[in-house]
Enquirer: 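Can you read through this structure? Questions will come right after.
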Amino acid sequence: MSEFDVIVIGSGAGGGTLAHKLASSGKTILLLERGDFLTREPENWAAEDVFVDGRYQSEDTWYDGGDKPFPPQVHYFVGGATKLFGAALYRLRADDFGEIQHEDGVSPAWPISYDEMEPYYTQAEELYQVHGARGEDPTEPPASAPYPFPAVSHEPRIQQLSDDLAAAGYQPFHAPCGVMLDESNMPYSHCVRCNDCDGFPCLVHAKSDAEVIAVRPALEHDNVTLVTNATAVKLETNDEGTAVSGVVVERDGSRETHTAGIVAVSCGAANSAKLLLASATDEHPNGLANGSDQVGRNYMFHNSQAVLALSKEPNPTVFQKTLGLNDFYFAGEEFDHPLGNIQMVGKSQAPMFRGEKPLMTKPAPQWTLDRIAEHAVDFWLSTEDLPRQENRVTLTDDGAIRLTYTYSNEKPKQELYDKLKSMLGELGMHDGHLLHHNAYLKNEIPVAGVAHQAGTCRFGSDPSASVLDVNCKAHELDNLYVVDTSFFPSIGAVNPALTAMANALRVGDHLLDRLAA
Ligand SMILES: Cc1cc2nc3c(=O)[nH]c(=O)nc-3n(C[C@H](O)[C@H](O)[C@H](O)COP(=O)(O)OP(=O)(O)OC[C@H]3O[C@@H](n4cnc5c(N)ncnc54)[C@H](O)[C@@H]3O)c2cc1C
Ligand code: SF4
């Protein structure tokens with residue numbers, strides 16, 4: 001048993017960033033991480049090992065609403081999911097913080113405004129070394145500073161795509177990106193601009209992930225302790241049930257308990273809900289901090305599609321994730337409801353297709369997988385999914401995660417796909433042919449693609465309808481915080497990591513005030 005000022009559970013985008021923020025305070029901080037450091041090895045950059053064999057995917061089994069088991073796309077390492085992420089670091093749009101009418105219902109307002117989050121987005125962009133270009137994306141929210149680094153340039157085929165989109169009247173932009181690339185001085189650039197980035201670990205530690213950017217620098221402070229292979233299994237409370245009194249951890253087959261004045265849970269949306277639900281007491285019979293019955297509910301993960309178009313000319317792009325398109329993000333003249341975001345994903349490689357259903361290509365049915373990969377231009381389409389009470393994490397009798405989920409906004413998802421498909425002829429692609437592929441989602445069970453999981457402990461001002469207050473402190477406990485993507489009341493249609501990072505910095509400011517007092 002040891003006593004700390006703060007325990008942070010989980011070292012990913014939320015927890016790692018919070019630990020970094022608190023590190024220089026001199027307060028004693030214990031960072032608990034169920035995984036280990038991700039080994040740097042040649043397999044980091046081997047498509048077959050990463051995408052087909054799932055080398056870095058957890059061995060967890062979760063269950064869907066019908067109790068069918070599936071292997072979730074989760075990654076337990078120092079740095080969490082950011083070790084594998086595509087480093088597309090988007091701000092939510094300012095309007096995402098308000099109520100938005102969607103095809104299937106309302107995306108609710110956040111309890112804080114975009115203006116309150118803005119300074120922390122700027123800090124998060126600085127910390128995570130985001131590259132981008134302001135003023136290109138028509139939906140871009142106001143920013144108090146330029147991007148700290150220039151946009152990553154398009155390679156010729158993507159520049160052509162950008163030019164073709166612009167010529168057709170669309171407004172493509174350089175995607176915000178967290179890679180430590182110095183194009184003006186490549187011999188000294190950490191990032192070598194390779195084709196194994198999105199969905200891969202970075203062998204040379206040049207991706208702005210939470211391990212490299214947040215956890216390692218935090219550990220340079222003597223007051224910060226990281227314990228790896230340490231899974232938090234239960235939170236204990238005082239007799240009154242008003243504060244967390246101990247964090248029970250399983251490590252090397254035995255259990256130990258750590259204590260701290262403040263406990264911040266950041267295990268990822270599903271695992272944070274699991275930890276709270278598994279910590280029921282007499283005072284909290286439905287799970288810790290769950291008097292509102294909201295813990296685990298409102299699970300979201302984007303209604304996403306990974307698709308590829310076939311370029312008439314080969315697409316030799318190496319680093320493809322440089323372009324975005326938000327022309328259909330909000331309702332407009334053509335659609336009276338939002339459709340979502342279009343962006344590029346990492347360039348597909350033939351080994352990624354192994355194990356997929358045969359990719360039948362109408363323009364060229366005889367094409368080999370190698371040839372398809374050579375011509376593929378790969379897109380990621382994200383439509384916002386709505387928070388629904390019935391979309392939730394519960395626990396099975398054995399304490400495993402059960403994820404019950406029904407899709408929302410299926411029509412706008414289809415419309416976004418159809419819209420892109422209708423544009424292909426203008427973009428130098430084989431007209432009207434857009435292939436779905438699962439390389440990025442990794443397997444055939446859609447609910448297993450939990451990369452963008454969010455929303456199981458939403459924050460709000462009404463304790464009967466939310467788990468956390470505006471500072472992400474549990475309404476019902478004095479010292480319990482949740483700082484991963486669980487706090488999202490809605491998810492928008494852009495990638496979630498920068499918002500988790502910015503929010504961790506915001507909560508960190510609150511905790512520094514509290515610790516000073
Ligand atoms: C392949 C892939 C690509 C992605 N691409 C992008 C992208 O381009 N842009 C973007 O914005 N987002 C992207 N994401 C999503 C992004 O990585 C997540 O939104 C973000 O990491 C979530 O942060 P988090 O703190 O909520 O959880 P995580 O970063 O997952 O951190 C949770 C941490 O908690 C640990 N943990 C879990 N349970 C316990 C426990 N009981 N005890 C101790 N530790 C525990 C985990 O090991 C993990 O380290 C991607 C994700 C994946 C998988
Ligand atoms: S593109 Fe750069 S950041 Fe990404 S994996 Fe390659 S070297 Fe690392």
Side-chain angles (χ1 to χ4, degrees), residues 8-18 31-36 38 44-45 50-51 56-58 60 72-90 128 152 175-181 189-212 215 227-234 247 249-251 265-272 274-275 278 301-302 318-319 321 343 345-346 380 382 440-442 449-454 456 482-488 491 494-501 503-504:
V8 180
I9 309 172
S11 64
T17 307
L18 180 64
L31 183 54
L32 295 169
E33 170 53 54
R34 74 183 292 165
D36 210 330
L38 193 151
N44 288 177
W45 279 348
V50 176
F51 277 87
Y56 304 109
Q57 189 166 322
S58 94
D60 269 13
Q73 189 193 2
V74 283
H75 311 280
Y76 297 145
F77 294 103
V78 176
T82 68
K83 287 306 295 174
L84 282 294
F85 81 162
L89 290 173
Y90 282 81
Y128 280 87
V152 177
C177 185
V179 293
M180 299 171 204
L181 178 68
S189 174
H190 292 300
C191 169
V192 299
R193 192 169 189 140
C194 72
N195 63 349
D196 297 320
C197 195
D198 195 1
F200 296 80
C202 178
L203 178 56
V204 295
H205 276 192
K207 195 192 283 190
S208 294
D209 65 47
E211 179 206 347
V212 172
V215 177
V227 182
T228 57
N229 301 306
T231 305
V233 291
K234 191 173 181 358
V247 178
V249 167
E250 269 180 10
R251 187 158 68 107
V265 174
S266 191
C267 301
N271 274 302
S272 286
K274 175 186 174 183
L275 182 59
F301 76 138
H302 280 144
V318 173
F319 186 85
K321 210 174 170 69
Q343 61 185 270
V345 275
W380 178 259
S382 287
Y440 190 83
L441 294 171
K442 287 203 183 145
V450 299
H452 290 188
Q453 58 182 286
T456 54
V482 181
V483 295
D484 54 30
T485 53
S486 308
F487 84 97
F488 284 35
I491 193 171
V494 288
N495 317 47
L498 189 76
T499 300
M501 294 156 178
N503 185 61

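First listed ligand is number 1; within each ligand, the first listed atom is number 1.
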Enquirer: In this structure, does ligand 1 have an atom that sits under 4.0 Å from one of the heavy atoms of Ala230?
Expert: yes
Enquirer: Taking all non-hydrogen atoms of both residues into account, name the closest pair between Gly15 and Ser266 and its distance.
Expert: N-OG, 2.8 Å
Enquirer: What's the verdict on side-chain contact (heavy atoms from CB on, under 4.5 Å) for Val8 and Leu32, showing C-alpha distance, side-chain angles and the deciding distance?
Expert: CA-CA 6 Å; Val8 180; Leu32 295 169; over 6 Å; no
Enquirer: Of all the heavy-atom pairs spanning Ser189 and Cys191, show the shortest one and how long it is.
Expert: OG-O, 2.7 Å
Enquirer: Under the ring-ring contact (aromatic ring centres under 6.0 Å, His included) rule, what do Phe200 and Phe51 come out as? Steps first, then yes or no, please.
Expert: CA-CA 8 Å; Phe200 296 80; Phe51 277 87; 5.0 Å; yes
Enquirer: Going by the atom numbers of ligand 2, which of them fall below 4.0 Å from some non-hydrogen atom of Asp196?
Expert: 5 (S)
Enquirer: Which heavy atom of Pro72 sits nearest to which heavy atom of Gln57, and what is that distance?
Expert: O-NE2, 2.9 Å
Enquirer: Would you indicate which of Ser266, Ser11, Gly86 comes nearest to atom 5 (N) of ligand 1 when only heavy atoms are counted?
Expert: Gly86
Enquirer: Atoms of ligand 1 less than 4.0 Å from Gln73 heavy atoms?
Expert: 1 (C)
Enquirer: If you measure from CZ on Arg34 to SG on Cys267, what distance do you get to the nearest 0.5 Å?
Expert: 8.0 Å
Enquirer: For Gln343 and Asn495, run side-chain contact (heavy atoms from CB on, under 4.5 Å): C-alpha distance rounded to whole Å, both residues' side-chain angles, the deciding distance at 0.1 Å, then the answer.
Expert: CA-CA 10 Å; Gln343 61 185 270; Asn495 317 47; 2.8 Å; yes
Enquirer: Glu33 versus ligand 1: do any nitrogen or oxygen atoms come within less than 3.5 Å of each other?
Expert: yes
Enquirer: Hey, is Asn271 touching ligand 1 through its side chain, its backbone, both or neither, going by heavy atoms under 4.0 Å?
Expert: side chain
Enquirer: Can you see which heavy atom on Arg251 is nearest to which on Ala230, and at what distance?
Expert: CD-CB, 3.9 Å
Enquirer: Quick one, Glu33 and Thr231 - any side-chain contact, counting heavy atoms below 4.5 Å?
Expert: no
Enquirer: Out of Pro72, Gly14, Ala451, Ala269, indicate the one that has the non-hydrogen atom closest to atom 52 (C) of ligand 1.
Expert: Ala451
Enquirer: Which pair of non-hydrogen atoms, one from Ile9 and one from Ala232, has the smallest distance, and what is that distance?
Expert: CG2-CB, 3.5 Å
Enquirer: At under 4.0 Å between heavy atoms, which part of Phe77 makes contact with ligand 1: side chain, backbone, both or neither?
Expert: backbone
Enquirer: Please check whether Thr485 reaches ligand 1 - meaning an N/O of the residue sits under 3.5 Å from an N/O of the ligand, judged on distance alone.
Expert: yes
Enquirer: I'd like to know whether ligand 1 has Lys274 as a neighbour, heavy-atom separation below 4.0 Å.
Expert: no
Enquirer: Ligand 1 and Leu84, any nitrogen or oxygen pair closer than 3.5 angstrom?
Expert: no
Enquirer: Which atoms of ligand 1 are found less than 4.0 Å from any heavy atom of Tyr76?
Expert: 46 (C), 47 (O)
Enquirer: If the cut-off is 4.0 Å to any non-hydrogen atom of His75, which atoms of ligand 1 fall inside it?
Expert: 53 (C)
Enquirer: Judged by non-hydrogen atoms, does Thr82 sit under 4.0 Å from ligand 1?
Expert: yes
Enquirer: Given Asp484, Val249, Asp209, which has its nearest heavy atom closest to atom 26 (O) of ligand 1?
Expert: Asp484
Enquirer: Examine the side chains of Thr17 and Tyr128 and answer whether a donor and an acceptor come within less than 3.5 Å of each other.
Expert: yes
Enquirer: Out of Ala497, Ala175, Ala232, indicate the one that has the non-hydrogen atom closest to atom 12 (N) of ligand 1.
Expert: Ala497
Enquirer: Return a yes/no value for Ile9: is any of its N or O atoms, backbone included, closer than 3.5 angstrom to an N or O of ligand 1?
Expert: no
Enquirer: Using heavy atoms and a threshold below 4.0 Å, how should the contact between Lys321 and ligand 1 be classified: side chain, backbone, both, or neither?
Expert: side chain
Enquirer: Does a sphere of radius 6.0 Å around NE2 in His190 hold more than 12 heavy atoms from other residues, nucleotides or ligands, not counting ones at 6.0 Å or beyond?
Expert: no
Enquirer: Out of His452, Arg34, Lys83, who gets a non-hydrogen atom closest to atom 36 (N) of ligand 1?
Expert: Arg34
Enquirer: Please confirm whether Leu498 comes within less than 3.5 Å of ligand 1 when only nitrogen or oxygen atoms on both sides are compared.
Expert: no
Enquirer: Report the part of Trp45 (side chain from C-beta onward, or backbone N, CA, C, O) that has a heavy atom under 4.0 Å from ligand 2; answer both or neither where that applies.
Expert: side chain
Enquirer: Would you call Pro496 a ligand 1 contact, heavy-atom distance under 4.0 Å?
Expert: yes
Enquirer: With 2.8 Å as the limit, count the protein N, O or S atoms near atom 2 (Fe) of ligand 2.
Expert: 1
Enquirer: Please report the C-alpha distance between Ser208 and Met180 in whole Å, then the side-chain angles of each, then the deciding distance to 0.1 Å, and finally whether the side-chain contact (heavy atoms from CB on, under 4.5 Å) criterion is met.
Expert: CA-CA 7 Å; Ser208 294; Met180 299 171 204; 4.1 Å; yes
Enquirer: Supply the atom-to-atom distance Gln73 CD to His452 NE2, rounded to the nearest 0.5 angstrom.
Expert: 8.5 Å
Enquirer: I'd like to know if the side chain of Asn271 pairs up with that of Tyr76 as donor and acceptor (distance under 3.5 Å, no hydrogens or angles considered).
Expert: yes
Enquirer: Hey, does Ala88 come in under 3.5 Å of ligand 1, counting only N/O atoms on both sides?
Expert: yes
Enquirer: List the steps and the verdict of side-chain contact (heavy atoms from CB on, under 4.5 Å) for Cys197 and Phe319.
Expert: CA-CA 8 Å; Cys197 195; Phe319 186 85; 3.8 Å; yes
Enquirer: Scan the side chains in residues 80-89 for donor-acceptor partners under 3.5 Å anywhere in the protein, sequence neighbours excluded, and list what turns up.
Expert:
unit_1, atom_1, unit_2, atom_2, d
Thr82, OG1, Gly79, O, 2.6
Thr82, OG1, Ala210, N, 2.8
Lys83, NZ, Asp209, OD2, 2.8
Lys83, NZ, Glu211, OE1, 2.7

